[in-house]
A.B. asks: 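I have a structure I would like to understand better, so I am pasting it below and will then ask my questions one at a time.
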Amino acid sequence: SDVTAKSPFRFAGPFAGEFRATADGPGPLYCSWTLAGVPVQAPIQEESNGMTIQRDYLTDSGAPVQTVGQGDLVRVRLRIATQAPRPNVVLVDLLPGGFEIEDAEMATRWAPPDSNRRLNVRFVEKREDRLLLFCDLGGHKTEPAEYTYTVRAVTRGRFNPTRVTAEAMYSPEVRAGLTPPVGVTVE
């Protein structure tokens with residue numbers, strides 16, 4: 001329906017209220033609104049349709065870890081399994097609060113280089129809050145593909161679990177998602 005001065009746009013949620021815009025001249029008024037954010041609570045259910053995904057936080061010796069010290073380096077291992085070859089897959093790994101990606105290519109950082117097995121990495125984008133990995137998966141029947149990178153625990157606290165997802169970009173029905181039930185603690 002049309003939004004008019006007598007019938008404003010209304011929306012619900014955490015920013016519930018009305019939005020009004022007026023024009024001081026003849027003719028239509030065009031307005032655009034974009035709202036983006038992160039859900040307050042991530043979906044907990046595992047999603048698996050054509051592929052599966054798993055994330056582990058590891059010490060430098062490869063042992064699983066849920067509590068780390070401030071300043072510690074942590075290896076993040078992503079495992080992606082699919083029965084058939086999947087080209088053009090994007091993985092999105094949201095970082096828990098309190099962590100930042102260590103980029104081995106920056107002269108001021110020390111971290112082991114990223115590593116991968118059984119996947120063809122096309123592009124990696126390391127943002128302040130997530131890792132984006134664009135790759136092709138070969139479809140190995142017994143062993144999942146694997147990508148490992150390093151993060152540093154920079155802020156003390158207990159941080160909620162974050163979601164990791166994978167999707168075949170040109171076949172969006174082929175996807176996987178996982179939010180672990182337990183978060184990470186930085187002491």
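Everything numeric in this text was worked out from a predicted model, so none of it was measured.
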A.B. asks: Any idea which heavy atoms bring P161 and P180 closest together, and the distance?
C.D. replies: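 What the structure gives for the nearest pair is CB-O, 3.0 Å.
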A.B. asks: Looking at L58, D60, V65, which hits side-chain contact (heavy atoms from CB on, under 4.5 Å) with V74?
C.D. replies: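 Of the listed residues L58, D60, V65, the side-chain contact (heavy atoms from CB on, under 4.5 Å) partner of V74 is V65.
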A.B. asks: So, are E102 and R152 salt-bridged, with charged N and O less than 4.0 Å apart?
C.D. replies: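 Yes, this pair counts.
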A.B. asks: From L119 CG over to L133 CG, what is the distance, rounded to the nearest 0.5 angstrom?
C.D. replies: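 Rounded to the nearest 0.5 Å, the CG-CG separation comes to 6.5 Å.
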A.B. asks: Are R130 and D93 ion-paired here, with the side-chain N under 4.0 Å from a carboxylate O?
C.D. replies: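 Looking at R130 and D93, the cut-off is not met.
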A.B. asks: Examine distances only and state if a side-chain atom of T82 and a backbone atom of T52 form a donor-acceptor pair shorter than 3.5 Å.
C.D. replies: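 Answer holds: no.
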A.B. asks: Rounded to the nearest 0.5 Å, how far apart are CG of D114 and OH of Y149?
C.D. replies: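 That separation rounds to 9.0 Å.
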A.B. asks: Give the cluster check for L132 versus F123: same hydrophobic cluster or not, with ILVMFWY residues linked at side-chain heavy-atom distances below 4.5 Å.
C.D. replies: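 Both belong to a single hydrophobic cluster.
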A.B. asks: Is a side-chain donor or acceptor of R55 paired with a backbone partner of T162 at a separation under 3.5 angstrom?
C.D. replies: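 Judged by distance alone, yes, a pair lies under 3.5 Å.
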A.B. asks: Kindly work out whether a path of hydrophobic side-chain contacts (I/L/V/M/F/W/Y, heavy atoms less than 4.5 Å apart) joins L73 to V154.
C.D. replies: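 L73 and V154: separate clusters.
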A.B. asks: Measure the spacing between CD of E167 and CZ of R175 and express it to the nearest 0.5 Å.
C.D. replies: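 Result: 4.5 Å between the selected atoms.
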A.B. asks: Which atom pair, heavy atoms only, marks the closest approach of A81 to P144?
C.D. replies: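 The answer is CB-CB, 4.0 Å.
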A.B. asks: Between R75 and T148, is there a side-chain heavy-atom distance shorter than 4.5 Å?
C.D. replies: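 Sidechains of R75 and T148: in contact.
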A.B. asks: For a 4.5 angstrom cut-off between non-hydrogen side-chain atoms, does V76 reach V151?
C.D. replies: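 V76 reaches V151 side chain to side chain.
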A.B. asks: For the CZ atom of F134 and the CD atom of E125, what is their distance to the nearest 0.5 Å?
C.D. replies: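 The CD atom of E125 is 6.5 Å from CZ of F134, to the nearest 0.5 Å.
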A.B. asks: Any salt bridge between E187 and R156, counting N to O under 4.0 Å?
C.D. replies: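 No, no charged N to carboxylate O under 4.0 Å.
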A.B. asks: T150 and I101: side-chain contact (heavy atoms from CB on, under 4.5 Å), yes or no, with the steps?
C.D. replies: CA-CA 6 Å; T150 304; I101 295 176; over 6 Å; no
A.B. asks: Quick one: pull up CD1 in I80 and SG in C135 and give me the separation to the nearest 0.5 Å.
C.D. replies: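 So the CD1 of I80 and the SG of C135 are separated by 6.0 Å.
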A.B. asks: If we only count heavy atoms from C-beta on, is the P96 to R158 side-chain gap below 4.5 Å?
C.D. replies: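 No; the side chains remain at least 4.5 Å from each other.
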A.B. asks: Fit a plane to each ring of F99 and F159, take the angle between them on a 0 to 90° scale, and name the class: parallel (under 30°), tilted (30 to 60°) or perpendicular (over 60°).
C.D. replies: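 Ring orientation, 0 to 90° scale: perpendicular.
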A.B. asks: Can you tell me how far the CG atom of N88 sits from the OH atom of Y170, to the nearest 0.5 Å?
C.D. replies: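 N88 atom CG to Y170 atom OH measures 5.5 Å (nearest 0.5 Å).
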A.B. asks: For a 4.5 angstrom cut-off between non-hydrogen side-chain atoms, does L91 reach T165?
C.D. replies: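 Result no, sub-4.5 Å side-chain heavy-atom pair not found.
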A.B. asks: Is there a donor-acceptor contact under 3.5 Å linking the side chains of R163 and T179?
C.D. replies: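 R163 vs T179: donor-acceptor pair found between side chains.
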A.B. asks: Does a side-chain heavy-atom distance below 4.5 Å link I53 with E46?
C.D. replies: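 Sidechains of E46 and I53: no contact.
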A.B. asks: Just by distance, do the side chain of S48 and the backbone of M51 share a donor-acceptor pair under 3.5 Å?
C.D. replies: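 Checked: pair present.
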A.B. asks: Do D136 and R86 make a side-chain contact, defined as non-hydrogen atoms from C-beta onward lying under 4.5 Å apart?
C.D. replies: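 In short, these two side chains do not touch, never coming nearer than 4.5 Å.
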A.B. asks: Indicate yes or no: at least one non-hydrogen side-chain atom of L131 is less than 4.5 angstrom from one of V124.
C.D. replies: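 L131 vs V124: side chains touch.
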A.B. asks: Please report the shortest heavy-atom distance between A166 and V89, naming the atom on each side.
C.D. replies: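 Shortest heavy-atom contact: CB-CG1, 4.4 Å.
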A.B. asks: Is it true that the side chains of D72 and Q70 contain a donor and an acceptor less than 3.5 Å apart?
C.D. replies: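 No, because no side-chain N or O of D72 sits under 3.5 Å from a partner of the opposite role on Q70.
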A.B. asks: Under a 4.0 Å threshold between the charged nitrogen and the carboxylate oxygen, would R118 count as salt-bridged to E146?
C.D. replies: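 R118 and E146: not salt-bridged.
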A.B. asks: Would you say Q66 and T185 make side-chain contact, with heavy atoms under 4.5 Å?
C.D. replies: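 A side-chain contact is absent here, since even the closest heavy-atom pair is not under 4.5 Å.
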A.B. asks: Is there a donor-acceptor contact under 3.5 Å from the side chain of N49 to the main chain of E173?
C.D. replies: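 Here the side-chain-to-backbone pair exists.
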